[in-house]
2 protein chains.
Amino acid sequence: MATGSAAKKRPPDPLVVLEAFLPYRLNVLAGLTSSALAQIYAERYGLSIPAWRVIVTLGQYELRTARDMAPDGVMHKSTVSRAVSALEKRGLVVRRPNLDDRREEWLALTPRGREIYEAVAPEALAVEERLLSVLTSDERRALSSLIEKLTRQARLLAPRDLEEGDA
Amino acid sequence: MATGSAAKKRPPDPLVVLEAFLPYRLNVLAGLTSSALAQIYAERYGLSIPAWRVIVTLGQYELRTARDMAPDGVMHKSTVSRAVSALEKRGLVVRRPNLDDRREEWLALTPRGREIYEAVAPEALAVEERLLSVLTSDERRALSSLIEKLTRQARLLAPRDLEEGDA
DNA sequence: TGCTATTGGTTGCCTGTGCAACGATTGAGG
DNA sequence: CCTCAATCGTTGCACAGGCAACCAATAGCA
């Protein structure tokens, strides 16, 4: 009772309503924002998502190793590796050996790489701002907090085998 | 001033801080929730994400065409087509011709398909609930509203060429 | 009735990426 | 010093999925 009309024909009351299902909605939203962004960094600068992330990280930190690009296993080692190779081939990134530990290599933007970074970054921020423009400052703060809480929780539920982990 | 230490060496103040960039955060969150869910429907039932969506949609609507599976271009025609083929081969879905328009076909779950649906759906909902368990009811409502606003806006910014559109 | 445009769905091709195995280097312990 | 385990990064393999060309069926229009 209270479930509305009882047994119209066969469907035993939908268990999952896809359009209301959080993981689905998050995937759709993330996909749409990626599409919006891709218009900038893919179509205009020929960057893939991993490449874009490498560029931004190097723009942010100046000097990093490939390992640092996937802090929490967001990107796979192999994905980073290939993105870096491609960027190196295009002359946007250089590798320099780390003499203290020759297993890893330092990565940095070349001048041309930084040029691109400085061109793309503001445009990307503009897209973000256009996205957020439908929210008030309070809503933005709430959004940020919600994303953080959910991300923390999702990390607990997701399989841990994304490389070693804690400690 | 107020920006902290001024010019340590070269980096001209990071333009984009990846960890604070909304599209990035959304992608990470969506990826993690997908991983958490995949443990259920992939590892335990051998379903891909598209297959899972087809199953859920048919569990919800009982009778749909392949076209209906991608209401807003979230999934590609070809993706749906291949997912349906695979499910048909496994005997979880059947096709029946639509005599009114023989271009399209009706899709429905077989009894075995519905069995799986009824087994997977509650588990998927449980994962969703575990995710949401860190939020209060107020926060859940806020989240839902924020996702909807952002999705609507993102749809405006994303390239429209995902099939025809408006009208 | 014929002719063209549109739509639902399939398939070949190509790219991107996860996985696992590997080589190179380092660190720990006897 | 030597050996074994762990770590950074690369690469071959396989598969998923986007794109575009295509087929079949329908609709619009003369």
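We use all heavy atoms of the structure for the numbers below, so side chains are in, but hydrogens, waters and symmetry mates are not. Every chain is numbered from 1, with letters handed out A, B, ... down the list of sequences.
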> Taking atom P of D:dG9 as reference, at what distance in whole Å does atom CD of A:Glu88 sit?
Replying inline: 13 Å
>> One pair to check against salt bridge (charged side-chain N to carboxylate O under 4.0 Å, His left out): B:Arg95 and B:Glu104. What are the steps and the verdict?
In response: CA-CA 10 Å; B:Arg95 316 182 193 232; B:Glu104 60 182 26; over 6 Å; no
>> Is it the case that the base of D:dT7 and the side chain of A:Arg103 share a donor-acceptor contact (distance under 3.5 Å, atom types as modelled)?
In response: yes
> Could you state the CG-P distance from B:Leu99 to D:dA24, rounded to the nearest angstrom?
Replying inline: 19 Å
> To the nearest angstrom, how far is A:Met69 atom CE from D:dT10 atom C1'?
Replying inline: 16 Å
> Side chains of B:Asn98 and B:Thr65: donor-acceptor distance under 3.5 Å anywhere?
Replying inline: no
> What integer distance in Å separates B:Lys89:NZ from C:dT10:C1'?
Replying inline: 12 Å
> To the nearest angstrom, how far is A:Asp100 atom CG from D:dC8 atom C1'?
Replying inline: 15 Å
> Any side-chain N or O of B:Arg95 under 4.0 Å from OP1/OP2 of C:dT10?
Replying inline: yes
>> Using whole Å, what does the distance between atom C1' of nucleotide D:dA6 and atom CG of A:Asp101 come to?
In response: 12 Å
>> Between C1' on D:dA6 and CD on A:Glu104, what's the gap in Å once rounded to a whole number?
In response: 14 Å
>> I want to confirm an ordering. Mapping A:Arg102 and B:Glu105 to their closest nucleotides on DNA chain C, which one lands closer to the 5' end?
In response: B:Glu105
>> With no hydrogens and no angle check, just 3.5 Å: does a side-chain donor-acceptor pair link A:Asn27 and B:Ser34?
In response: yes
> Which whole-number value in Å describes the distance from B:Arg64 CZ to C:dG8 P?
Replying inline: 13 Å
> What do the steps show when you test A:Leu22 against B:Ile147 for side chain to side chain contact (heavy atoms under 4.5 Å, CB included), and what is the final call?
Replying inline: CA-CA 9 Å; A:Leu22 182 65; B:Ile147 290 178; 3.7 Å; yes
>> Nearest 0.5 angstrom please: A:Leu63 CG to A:Thr57 OG1, how far?
In response: 12.5 Å
> Are a donor atom and an acceptor atom from the side chains of B:Glu123 and B:Tyr45 found within less than 3.5 Å of each other?
Replying inline: yes
>> More than 12 heavy atoms of other residues, nucleotides or ligands under 6.0 Å from CZ of B:Arg112: yes or no?
In response: no
>> Across nucleotides 11-18 of chain C, 5' to 3', mark each nucleotide with B, S or - according to how protein heavy atoms within less than 4.0 Å reach it.
In response: BB----BB
